[in-house]
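Quick notes on the structure that follows.
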Amino acid sequence: MSDPALSIGGTPQNELANRLRRVHKHLRKWAKRTDVTCYRLYERDIADQPLIVDWYDGNAVVWAYARTRNETAADDETWLTTVTAAVCAGLDLPAEKVFLKRRFRQKDRQKDRQKDRQKAGTKTTDEDDDGPGQYERLATHGVTQVVGEQGLRFEVNLSDYLDTGLFLDHRPTRARVRSEATGKDVLNLFAYTGAFTCYARAGGARRTVTIDLSNTYLEWAARNVALNGFAADDGHVLVRADCVQWLRADRPERFDLIVCDPPTFSNSAAMRSEFAIDRDHAALLERLHRLLRPGGVLYFSTNSRAFRLTDTLPPFTVEELTATSIPEDFRNRRIHRCWRMTRS
């Protein structure tokens, strides 16, 4: 029996298009007022339409999750086709401006990657493994765009990776970092494409150290820095390193402000050992505490749904910011958790 939801004329697809049209009309006014050109429009809002839809200044990126009612691969492909049609209709976009991607749970991605490697009898190298899941290259179409956010500019890649290069849910925390960075020495760990670094420099940071394991993303971070008119100099450095190993070294430098948004799990071939935030965050926070000057501030966040902050923290004054760190365009209030920790 055919699935009625697979027709664009069916109620679920019409409902999806209508909801996107309605939400976008509302958020356009908010976006103009807050100087934001990319934001979330939809996240699993309709039963059996497990999608995320983000707006990127004239383009839409759609992530589709597995749908339990799909019985065959053909049903799944038909559903994805009608999803694209609904997004085009709801946002008044041509098909070439809608970028559809499949998304799976991280555990499933890790299992699939391990199976693929075992079948091939190979192990990924430092160059072709930028990290787990969302950081892997999916294509080489090279569809990039420069978007604006709160007075700054960032390059996003709409086509080639699971994520675009800019995590929209950390927009409020980036603004906090900018407001506190004046005259500060700032460390940005697990820096990805350097958005926090750009905000820190816009806020007048005296010095920034930006660390990530991937050459690809450090080069991207350098482009973001240049996009915002900041020069590359000795006071602002980009460092390719495994952040966990970098923190284990005995370092003389100290920082006034640290941003740490680590992956939930990572077993990149370039790392000496795997990292799991739920298990390893206590040791991570201890090392971050040592790097802070007295009164220094750590912004620490995680996307782990199962995360429980350790009871054996080093001497920090801790304030959980989650309720205010998630932007208003995100209806999922569990997208991340975020703390501001001050060294006592």
Side-chain angles (χ1 to χ4, degrees), residues 2-32 34 36-105 133-134 138-149 154-169 171 327-332 335:
S2 64
D3 184 345
L6 297 177
S7 169
I8 189 62
T11 299
Q13 298 302 334
N14 276 336
E15 189 178 355
L16 175 60
N18 290 336
R19 182 170 185 83
L20 287 170
R21 188 178 297 112
R22 184 171 62 252
V23 172
H24 194 212
K25 182 179 179 181
H26 167 71
L27 286 179
R28 272 196 299 249
K29 299 174 184 176
W30 163 85
K32 185 175 182 179
T34 57
V36 167
T37 66
C38 38
Y39 42 88
R40 181 142 299 179
L41 294 172
Y42 175 98
E43 185 165 3
R44 300 173 179 261
D45 299 341
I46 301 170
D48 206 38
Q49 298 295 306
L51 307 162
I52 293 173
V53 182
D54 285 349
W55 177 260
Y56 284 89
D57 199 11
N59 293 280
V61 178
V62 182
W63 292 271
Y65 291 79
R67 217 168 58 111
T68 55
R69 68 189 296 171
N70 286 340
E71 296 181 351
T72 68
D75 286 344
D76 190 57
E77 287 302 314
T78 303
W79 174 61
L80 295 177
T81 299
T82 56
V83 160
T84 302
V87 172
C88 290
L91 300 178
D92 193 23
L93 290 175
E96 61 267 22
K97 288 185 172 292
V98 176
F99 298 85
L100 180 66
K101 306 175 185 184
R102 295 309 306 262
R103 192 154 205 149
F104 303 96
R105 292 186 310 162
Q134 67 265 35
L138 304 177
T140 56
H141 302 306
V143 182
T144 62
Q145 179 182 10
V146 175
V147 296
E149 182 187 90
F154 298 98
E155 176 188 307
V156 293
N157 186 309
L158 304 175
S159 60
D160 296 346
Y161 302 89
L162 189 57
D163 286 313
T164 63
L166 186 64
F167 292 133
L168 305 184
D169 60 306
R171 193 187 308 123
E328 58 190 280
D329 50 314
F330 277 71
R331 288 169 294 287
N332 176 10
I335 188 71

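When reading the values below, keep in mind they use all heavy atoms of this one structure, side chains included, and skip hydrogens, waters and symmetry mates.
Asp160 places a side-chain N or O within 3.5 Å of a backbone atom of Gly142 that can act as its donor or acceptor partner. Although no hydrogens or angles enter the test, the distance criterion places no donor-acceptor pair under 3.5 Å between the side chain of Lys97 and the main chain of Asp92. Distance alone, capped at 3.5 Å, is enough to place a donor-acceptor pair between the Ser159 side chain and the Val143 backbone. A donor-acceptor contact shorter than 3.5 Å links the side chain of Thr37 to the backbone of Gly148. The main-chain N or O of Leu41 is found under 3.5 Å from a side-chain atom of Arg331 such that the two form a donor-acceptor pair. Judged by distance alone, with hydrogens and angles left aside, the side-chain atoms of Glu149 form no donor-acceptor pair with the main-chain N or O of Phe154 at under 3.5 Å. In terms of modelled atom types and a separation under 3.5 Å, the side chain of Asp54 and the main chain of Val61 share no donor-acceptor contact. Between the side chain of Gln49 and the main chain of Leu16, no donor-acceptor pair closer than 3.5 Å is present.
Of all heavy-atom pairs between Trp55 and Leu93, the closest is CZ3-CD1, 3.8 Å. What you find for Cys88 and Ala95 is that their closest heavy atoms are SG-CA, 3.7 Å. Residues Phe330 and Asp169 come closest through the heavy atom pair CZ-N, 3.6 Å. The two atoms that bring Asn18 and Arg21 nearest to each other are OD1-NH1, 2.8 Å, heavy atoms only.
For the pair Val83/Arg67, no side-chain contact is recorded, criterion being any heavy-atom separation below 4.5 Å from C-beta on. Residues Tyr42 and Val23 form no side-chain contact, since every pair of their non-hydrogen atoms from C-beta on lies 4.5 Å or further apart. Two residues are said to be in side-chain contact when any heavy atoms from C-beta on lie closer than 4.5 Å; Ile335 and Arg40 meet this criterion. By the 4.5 Å heavy-atom criterion applied to side chains, Cys38 and Leu166 are counted as neighbours. Counting heavy atoms from C-beta on, the side chains of Leu168 and Pro327 never come closer than 4.5 Å.
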Working for side-chain contact (heavy atoms from CB on, under 4.5 Å), residues Val62 and Thr84: CA-CA 8 Å; Val62 182; Thr84 302; over 6 Å; no
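The pair Arg103-Asp163 counts as a salt bridge, with a side-chain nitrogen and a carboxylate oxygen less than 4.0 angstrom apart.
Tyr39 and His24 form a side-chain donor-acceptor contact under 3.5 Å, judged by distance and modelled atom types alone.
To the nearest 0.5 Å, atoms CG (Leu162) and CG (Asn157) are separated by 11.5 Å.
Geometrically, Arg44 engages Tyr65 in a cation-pi contact, judged by NZ or CZ lying under 6.0 Å from the ring centre and within 45° of the ring axis.
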